[in-house]
Student: 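Here it is, the structure in full.
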Amino acid sequence: MTKRTLPAVSVGRPITGINCNPLPRALDRWNPGVHAAESDADRSISIYDVIGYDYWSGDGVTAKRIAAALRNMGEGPVTVNINSPGGDMFEGLAIYNLLREHPGQVTVKVLGLAASAASVIAMAGDTVQIARAGFFMVHNAWVVAVGNRNDLAEFAEWLEPFDRAMADVYAARTGASLEAMLKIMDAETWIGGSEAIEQGFADELLPSDQVEK
């Protein structure tokens, strides 16, 4: 499936005082040691960390870094290797849009985990491959917010359009309805390799010899 048919997504931050963080459950299930066994460093981008700047470790994958990598590679094909527990939704949407707009062929390889914001990034691939033991995880936007009950009610209302935007991307990729995608996001759904192909989140399995720990 070509990414050209997928919708663009707004990446504005209308809510001040809210931070996006990876879910603790996703961090627990993420193995940071899973990497591509072989890759052409000149034509590949590795997303092996949380999405967005990690204030604790100083690492993280940002849209700024991905944009610089794409500029250096030019307009040719690019491979994006993903093993990430997710993170900042807005950074993830920005990276998704950068890959979607890249003029060359984009191949996404889910080596271990593409959770939360990383699952949205994966949807930008013209071809999406996933390890047989790999996983997608989709869920609603998860935030840390401070305020009284009226503030929190307003935050929840403001977050709804972003959940729908992510569901729209999943629906466009899989061919499922928007309502079906919103339902599995409400349930925080983990989708294994073969099941991801059956449901349309991925196109094919990744050959096992392309993954190492």
Student: Just by distance, do the side chain of S84 and the backbone of A118 share a donor-acceptor pair under 3.5 Å?
Tutor: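 Answer holds: no.
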Student: Quick one: are V120 and L93 in side-chain contact, heavy atoms under 4.5 Å?
Tutor: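 Yes; the side chains approach each other to less than 4.5 Å.
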Student: Side-chain contact, heavy-atom cut-off 4.5 Å: L113 with N83?
Tutor: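 Yes, their side chains come closer than 4.5 Å.
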Student: Is the backbone N or O of A176 less than 3.5 Å from a side-chain atom of T174, with the two atoms forming a donor-acceptor pair by type?
Tutor: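 The answer is yes, because a donor-acceptor pair under 3.5 Å joins these two groups.
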Student: Kindly compute the distance separating CD1 (I184) from NE2 (H139), expressed to the nearest 0.5 Å.
Tutor: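 Result: 12.0 Å between the selected atoms.
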Student: Does R43 use its side chain to pair, donor to acceptor, with the backbone of P77 at less than 3.5 Å?
Tutor: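 Such a contact is found between R43 side chain and P77 backbone.
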Student: Find out whether V138 and M181 are in side-chain contact, i.e. whether some heavy atom of one side chain is under 4.5 Å from a heavy atom of the other.
Tutor: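 SC-SC contact between V138 and M181 ruled out.
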Student: Mind listing the closest non-hydrogen atom pair of A63 and E91 along with its distance?
Tutor: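 Scanning both residues completely, I find the closest heavy atoms to be N-OE1, 2.7 Å.
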Student: Under the side-chain contact (heavy atoms from CB on, under 4.5 Å) criterion, do D203 and R173 qualify, and how do the steps go?
Tutor: CA-CA 10 Å; D203 300 302; R173 160 64 66 175; 3.5 Å; yes
Student: Minimum heavy-atom separation for R132 to S194, with atom names?
Tutor: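 Heavy-atom minimum between the residues: NH1-OG, 4.1 Å.
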Student: Classify the ring geometry between W190 and F135 as parallel (under 30°), tilted (30 to 60°) or perpendicular (over 60°).
Tutor: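 Aromatic pair W190/F135 classed perpendicular.
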Student: What distance separates L99 CG from T107 OG1, expressed to the nearest 0.5 Å?
Tutor: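 It is 11.0 Å, given to the nearest 0.5 Å.
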Student: For D163, what residues pass the side chain to side chain donor-acceptor pair (under 3.5 Å) criterion, not counting sequence neighbours?
Tutor: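 For D163, no residue satisfies side chain to side chain donor-acceptor pair (under 3.5 Å) once neighbours in sequence are set aside.
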Student: H102 and M73: side-chain contact (heavy atoms from CB on, under 4.5 Å), yes or no, with the steps?
Tutor: CA-CA 10 Å; H102 181 67; M73 282 187 267; 5.6 Å; no
Student: Quick one: CD on E179 to NZ on K183, what's the gap to the nearest 0.5 Å?
Tutor: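 Output value for this atom pair is 11.5 Å.
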Student: Of the non-hydrogen atoms in A141 and M166, which two are nearest, and what is the gap between them?
Tutor: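 So the two residues come closest at N-CE, 3.9 Å.
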Student: Would you check, one step at a time, whether the test side-chain contact (heavy atoms from CB on, under 4.5 Å) holds for Y170 with S119?
Tutor: CA-CA 9 Å; Y170 297 137; S119 71; 2.6 Å; yes
Student: With clusters defined by side-chain heavy atoms of hydrophobic residues (ILVMFWY) lying less than 4.5 Å apart, directly or transitively, does Y96 cluster with L70?
Tutor: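 They do share one cluster, since a chain of ILVMFWY contacts under 4.5 Å joins L70 to Y96.
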Student: What are the two closest heavy atoms between I130 and A196, and how far apart are they?
Tutor: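 In this case the closest contact between I130 and A196 is CD1-CB, 4.2 Å.
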Student: Calculate, to the nearest 0.5 Å, the distance between atoms CD1 and CD1 belonging to I95 and I51 respectively.
Tutor: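 Going from the CD1 atom of I95 to the CD1 atom of I51 covers 5.0 Å.
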Student: Using every non-hydrogen atom in the two residues, find where D151 and N148 come nearest and quote the distance to one decimal.
Tutor: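 Closest heavy-atom pair between D151 and N148: N-OD1, 2.8 Å.
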Student: To the nearest 0.5 Å, what is the distance between CZ (F201) and CD (E195)?
Tutor: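 Atom-to-atom, F201:CZ and E195:CD are 9.0 Å apart.
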Student: Test your reading of the model: is there a side-chain donor-acceptor pair from N81 to the backbone of K109, 3.5 Å cut-off?
Tutor: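 No; judged by distance alone, with no hydrogens or angles, the pair does not exist.
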Student: Looking at side-chain heavy atoms only, is the closest gap between D49 and W30 below 4.5 Å?
Tutor: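 Yes, at least one pair of side-chain atoms sits under 4.5 Å.
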Student: Is it true that V169 and L178 fall in one hydrophobic cluster, defined by side-chain heavy atoms closer than 4.5 Å?
Tutor: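 Per the 4.5 Å side-chain linkage, V169 and L178 are not co-clustered.
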Student: Would you check if V61 and I66 make a side-chain contact, meaning some heavy-atom pair closer than 4.5 Å?
Tutor: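 In short, these two side chains touch, coming nearer than 4.5 Å.
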Student: From D168 CG over to L182 CG, what is the distance, rounded to the nearest 0.5 angstrom?
Tutor: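 Going from the CG atom of D168 to the CG atom of L182 covers 9.5 Å.
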Student: What are the two closest non-hydrogen atoms of L111 and A131, and how far apart are they?
Tutor: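 Heavy atoms only, the tightest pair is O-CB, 3.5 Å.
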Student: Report the C-alpha separation of M123 and F136 in whole Å, then their side-chain angles, then the decisive distance to 0.1 Å, and conclude whether the side-chain contact (heavy atoms from CB on, under 4.5 Å) test is met.
Tutor: CA-CA 11 Å; M123 297 297 98; F136 284 102; 3.8 Å; yes
